[in-house]
Amino acid sequence: MRFTVSSTALSSKLTALSRVINSKNSLPILADFLFDVQDNILYLTASDSENVMKTQLELTESDGNGHFAIGNHDLLEAVKGFSEQPITFDIDFNANIAKITYQNGLFSLPVENADEFPQSQTINEGANEIIIPNALLAENINRSLFATAQDELRPVMNGIYFDLTPECLAVVASDGHKLVRNKILSIHNEQPAAFILPKKPASLLKNLLGKDGGDVTIRFDERNAQINYADGEITCRLIEGRYPNYNSVIPQNNPNQLTVDRLTLLAALRRVQPFANDSSNLIRFHVEGGTLQLDAEDYDFSKTATERMSCEYNGQPMSIGFKGASFIEILSNFDCQDVIIQLADPSRAGLVLPSEQPENQDVLMLMMPMLIND
């Protein structure tokens, strides 16, 4: 079998697929790319057994159909250095060799029997379906991924929770200390449905989805999800289990409201945080009148830092402690100019919201406070 393909198109597709492949695999063939040529289209697949990623590209020419597997590392290293040019694959199935010819030379690599490559999981008939704009899904994954946990005892916290209700699609992530809840008000369904997307396929989607138009279709049952985007698809095993009732931990009445420039607060936190205690990372927020004061201290090393900034504040004077690194992450995952911080008292969760909500969305982040010694 012989076919010709664009070098840059192939390199781009293989680079994206390679992100799903693990450095150590339960089956040796999972270190390979699966090539399948059908009617002048090249279908490419990579898998780690739980996540299967597929894409396709049009061939310049081909003389037949067939499929084979080829090791990912050597092929990827070879093709990613090419300038735009045609590459021709000659596959000798008797000798199990692929001879790859390009402008100034050639190389050959062994190929393996494609039938040994594991099949992707099938989605049950009657599966639930969500259709969501490409950019909107990318935005919500980007905003949520940092808040997922790494918790062996509670694996349900290690992914992003998609909760489809008659009111909205809520995209939620939490590690027990911070929480992100994105409501997409334009997507809803009379029949409630939900799934927990693991961190790895979420990270893959974060890198694959762009700002271009088009929709992403997510079909899911109790165990698996199939996500179809512009030029490919990911099939993944979902995290099984019941996600905690996230709405119950979101306070409904935090009367003390602080409005501050997001980038000013973010820069101040980055300056003050290095002076906090390494183990607690505690930063004290003291707000009174029109002034927010940040304090960090590490008496073990005789380090202290204080910074003040102007803000708008409606409420009682208050000192409350937050973990500096987590608050920096929260602020970094907004893209608004001002943020609103809603507080009740030093022992209850604080809410962080954008001053202007994105269109058809309701974004909220929650931060649990830390005990401070007055």
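All figures in this text were calculated on a predicted structure; none of them were measured in a lab. Hydrogens, waters and symmetry mates are skipped; everything else that's a heavy atom, side chains included, is used.
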Assess the side chains of [X] and [Y]: does a donor N or O sit below 3.5 Å from an acceptor N or O?
X      : Y      : answer
Asn158 : Thr148 : no
Glu84  : Thr8   : yes
Asp36  : Gln38  : yes
Asp163 : Tyr246 : yes
Asn51  : Asp48  : yes
Thr101 : Thr88  : no
Gln293 : Asp295 : yes
Gln257 : Asn314 : no

Margin query: Counting only heavy atoms from other residues, nucleotides and ligands, does the tally under 6.0 Å from NZ of Lys99 exceed 12?
Written below: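 Not more than 12 within 6.0 Å, no.
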
Notebook entry, point to check: Just wondering, more than 12 heavy atoms not from Gln316 lying within 6.0 Å of its CD?
Noted result: no

Checklist line | Candidates Arg284, Arg270, Arg271 - the one meeting salt bridge (Lys or Arg N to Asp or Glu O under 4.0 Å) with Glu307 | finding: Arg271

Checklist line | Smallest separation among heavy atoms of Ala127 and Arg219, with atom names | finding: CB-NH2, 4.0 Å

Notebook entry, point to check: Which pair of non-hydrogen atoms, one from Arg262 and one from Ser332, has the smallest distance, and what is that distance?
Noted result: NH1-CA, 4.4 Å

Note to self: Check this for me, if you would: do Arg223 and Glu240 make a salt bridge, where the nitrogen-to-carboxylate-oxygen distance has to be below 4.0 angstrom?
What the structure shows: yes

Next item on the list: Kindly determine whether Ile141 and Ile160 satisfy side-chain contact (heavy atoms from CB on, under 4.5 Å), including the steps that lead there.
Entry: CA-CA 8 Å; Ile141 289 175; Ile160 299 177; 4.3 Å; yes

Next item on the list: Give me the one residue out of Asn333, Asp335, Asn182 that meets side chain to side chain donor-acceptor pair (under 3.5 Å) with Arg143.
Entry: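 For Arg143, the side chain to side chain donor-acceptor pair (under 3.5 Å) check succeeds only for Asn182.
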
Next item on the list: Under the side-chain contact (heavy atoms from CB on, under 4.5 Å) rule, what do Val352 and Ile340 come out as? Steps first, then yes or no, please.
Entry: CA-CA 6 Å; Val352 186; Ile340 298 167; over 6 Å; no

N/O donor to acceptor pairs below 3.5 angstrom from side-chain atoms of residues 57-80, sequence neighbours left out:
residue, atom, partner, partner atom, Å
Ser62, OG, Asn40, OD1, 3.0
Asp63, OD1, Arg2, N, 2.9
Asn65, OD1, Asp39, N, 2.9
His67, NE2, Asp115, OD1, 3.2
Asn72, ND2, Ala31, O, 2.6
Glu77, OE2, Lys80, NZ, 3.1

Next item on the list: Apply side-chain contact (heavy atoms from CB on, under 4.5 Å) to Phe146 and Ile330, showing your working.
Entry: CA-CA 8 Å; Phe146 81 96; Ile330 281 179; 3.9 Å; yes

Next item on the list: Please lay out, stage by stage, how Thr217 and Ile227 fare under the test side-chain contact (heavy atoms from CB on, under 4.5 Å).
Entry: CA-CA 6 Å; Thr217 302; Ile227 302 158; over 6 Å; no

Next item on the list: With sequence neighbours left out, write down each residue that passes ring pair (Phe, Tyr, Trp, His ring centres under 6.0 Å) with Phe82, or none if nothing qualifies.
Entry: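 Here the qualifying residues are Tyr102.
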
Checklist line | Residues which pass ring pair (Phe, Tyr, Trp, His ring centres under 6.0 Å) with Phe162, listed by chain and number, not counting sequence neighbours | finding: Phe195

Check side chain to side chain donor-acceptor pair (under 3.5 Å) between [X] and all other residues, then give those that pass, not counting sequence neighbours.
X      : value
Gln121 : none
Asn228 : Glu233
Asp231 : Lys13

Check: Is the side chain of Asn25 donor-acceptor paired with the backbone N or O of Pro28 at a distance under 3.5 Å, no angle test?
Finding: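 Looks like no, no N/O pair under 3.5 Å.
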
Checklist line | Any donor-acceptor pair under 3.5 Å from Lys178 side chain to Met368 backbone | finding: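 No; judged by distance alone, with no hydrogens or angles, the pair does not exist.
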
Note to self: With a 6.0 Å cut-off on the ring centroids, do Phe275 and Phe301 count as close?
What the structure shows: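 No, too far apart.
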
Check: Are the side chains of Asn256 and Met318 in touch, meaning some heavy atoms are under 4.5 Å apart?
Finding: yes

